[in-house]
Novice: 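Quick one: this structure, given as structure tokens, is what I'll be asking you about.
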Amino acid sequence: LPPLPSNAPVGRLSDGTFSRYAGSTKFSELPMSKKTLDGLKKSDYVSMTEIQRASLPHALCGRDILGAAKTGSGKTLAFVIPVLEKLHRERWGHEDGVGSIIISPTRELAGQLFDVLKAVGRYHNFSAGLLIGGRKEIDTEKERVNELNILVCTPGRLLQHMDETLNFDCSQVQVLVLDEADRILDVGFKKTLNAIISQLPKHRQTLLFSATQTKSIQDLARLSLKDPEYVGVHEKS
Ligand code: ADP
Ligand code: MG
């Protein structure tokens with residue numbers, strides 16, 4: 001096995017999972033289901049980008065992630081893959097309800113990441129829904145939202161469901177993703193995010209990705225992450 005970095009916290013030395021996969025460069029070298037690997041292959045994703053290489057070995061062994069990497073570096077797959085794998089390992093099914101919530105700052109970005117989720121997750125049987133406000137009647141969403149396994153949403157629409165949807169159940173959420181977190185805060189969603197996080201189960205995995213590291217991202221990290229792995233990547237272009 002390749003040695004752990006010398007600055008690795010002592011508590012993690014016994015965890016062989018990370019060290020075994022730390023040097024991987026291709027998705028196929030990581031421990032993941034054939035369904036996800038086939039989905040990646042079908043979309044022509046073979047080699048990992050830097051942020052994916054740095055974060056996936058940690059995220060796939062269940063750790064919280066605070067990831068910073070600039071726009072275009074491939075952050076979407078760095079959380080879509082762990083979401084699919086966590087639910088796959090838990091043998092999540094339709095009747096298990098909402099297992100993962102992915103929050104994105106804008107309708108447009110939410111739509112884009114939803115497309116990636118659908119493409120890479122095509123061989124899984126999870127149900128996923130895009131809850132972005134304005135797009136569909138909220139009443140139709142309210143009837144269906146508990147049947148969805150993965151929610152991709154803007155903060156306002158998610159909080160609206162938490163406030164208004166009868167029996168909306170997010171008590172079993174396994175993985176929370178905060179994508180483009182700096183932009184979520186820029187758009188003025190700090191309070192909304194805090195309200196959302198306070199309603200989610202404490203025992204969960206949280207993946208927080210951002211293009212920049214600011215004071216407000218640190219605050220959000222303190223509020224939402226447990227013993228996170230810090231992954232910062234600044235690729236030369
Ligand atoms: P970010 O969220 O960091 O801005 P994205 O996840 O949107 O970046 O990815 C940026 C672009 O790079 C997308 O077009 C995506 O398809 C592509 N991409 C991401 N990961 C890979 C990869 N491993 N191999 C090839 N292309 C990739
Ligand atoms: Mg992105």
Side-chain angles (χ1 to χ4, degrees), residues 21-60 64-86 100-123 128 130-132 150-155 157-158 175-187 189 193 205-214 216-217 220-221 224-225 228-237:
Y21 299 104
S24 306
T25 59
K26 293 200 160 76
F27 290 110
S28 58
E29 296 166 48
L30 292 179
M32 69 174 99
S33 64
K34 183 166 186 317
K35 287 178 177 174
T36 300
L37 276 178
D38 286 348
L40 289 165
K41 218 178 287 170
K42 184 90 179 170
S43 298
D44 290 325
Y45 294 124
V46 179
S47 297
M48 291 185 274
T49 67
E50 198 64 32
I51 185 73
Q52 292 159 5
R53 266 210 296 272
S55 63
L56 281 171
H58 294 292
L60 287 172
D64 282 5
I65 300 284
L66 176 52
K70 66 175 195 224
T71 302
S73 55
K75 295 190 288 296
T76 314
L77 289 179
F79 59 78
V80 161
I81 294 170
V83 164
L84 291 170
E85 286 307 292
K86 176 66 181 176
S100 180
I101 294 178
I102 302 174
I103 302 178
S104 175
T106 66
R107 292 177 193 179
E108 193 199 354
L109 287 168
Q112 288 169 9
L113 87 81
F114 189 67
D115 290 340
V116 176
L117 174 68
K118 276 196 298 189
V120 175
R122 69 208 301 154
Y123 300 113
L130 186 60
L131 310 181
I132 55 178
I150 303 171
L151 306 181
V152 176
C153 30
T154 49
R157 188 64 150 206
L158 175 61
V175 190
L176 168 68
V177 177
L178 304 171
D179 181 33
E180 313 273 354
D182 45 354
R183 291 189 60 186
I184 299 181
L185 296 174
D186 287 345
V187 189
F189 277 129
L193 263 194
Q205 183 180 17
T206 305
L207 311 172
L208 192 168
F209 285 93
S210 169
T212 57
Q213 282 298 341
T214 59
S216 47
I217 289 293
L220 178 62
S224 61
L225 302 174
E229 200 63 46
Y230 297 90
V231 185
V233 164
H234 298 282
E235 273 170 309
K236 296 166 210 99
S237 48

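We count ligands from 1, going down the list as the structure has it; atoms in each ligand are counted the same way.
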Novice: What pair of heavy atoms forms the shortest contact from Ile184 to Pro155, and how long is it?
Specialist: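 For Ile184 and Pro155, the tightest heavy-atom pair comes out as CG2-CG, 3.9 Å.
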
Novice: Which atom, among the N/O/S set of Glu180, is closest to the Mg ion (ligand 2)?
Specialist: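 Relative to the Mg ion (ligand 2), the closest nitrogen, oxygen or sulfur of Glu180 carries the name OE2.
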
Novice: Under the rule for side chain to side chain contact (heavy atoms under 4.5 Å, CB included), what residues qualify as partners of Ser33, not counting sequence neighbours?
Specialist: Lys35, Thr36, Glu85, His88, His124

Novice: State which residues pass side chain to side chain contact (heavy atoms under 4.5 Å, CB included) with Ala69; sequence neighbours excluded, sorted by chain then number.
Specialist: Ile51, Ser73, Lys75, Val233

Novice: Show the distances, to 0.1 Å, for all pairs joining an N/O atom of ligand 1 and a protein N/O atom that are shorter than 3.5 Å, listing one pair per line.
Specialist:
unit_1: ligand 1; atom_1: 3 (O); unit_2: Ser73; atom_2: N; d: 3.2
unit_1: ligand 1; atom_1: 3 (O); unit_2: Ser73; atom_2: OG; d: 3.4
unit_1: ligand 1; atom_1: 3 (O); unit_2: Gly74; atom_2: N; d: 3.1
unit_1: ligand 1; atom_1: 3 (O); unit_2: Lys75; atom_2: N; d: 3.0
unit_1: ligand 1; atom_1: 3 (O); unit_2: Lys75; atom_2: NZ; d: 2.9
unit_1: ligand 1; atom_1: 4 (O); unit_2: Gly72; atom_2: N; d: 2.5
unit_1: ligand 1; atom_1: 6 (O); unit_2: Lys75; atom_2: N; d: 3.4
unit_1: ligand 1; atom_1: 6 (O); unit_2: Thr76; atom_2: N; d: 3.0
unit_1: ligand 1; atom_1: 6 (O); unit_2: Thr76; atom_2: OG1; d: 2.6
unit_1: ligand 1; atom_1: 8 (O); unit_2: Gly74; atom_2: N; d: 3.1
unit_1: ligand 1; atom_1: 16 (O); unit_2: Tyr45; atom_2: OH; d: 2.9
unit_1: ligand 1; atom_1: 20 (N); unit_2: Gln52; atom_2: NE2; d: 2.9
unit_1: ligand 1; atom_1: 23 (N); unit_2: Ser47; atom_2: O; d: 2.7
unit_1: ligand 1; atom_1: 23 (N); unit_2: Gln52; atom_2: OE1; d: 3.0

Novice: Without hydrogens or angle criteria, can the side chains of Thr214 and Thr212 be said to hold a donor-acceptor pair below 3.5 Å?
Specialist: no

Novice: What pairs with Ser43 under side chain to side chain donor-acceptor pair (under 3.5 Å), at least two apart in sequence or on another chain?
Specialist: none

Novice: Verify, without hydrogens or angle tests, whether Gln52 (side chain) and Leu77 (backbone) share a donor-acceptor contact under 3.5 angstrom.
Specialist: no

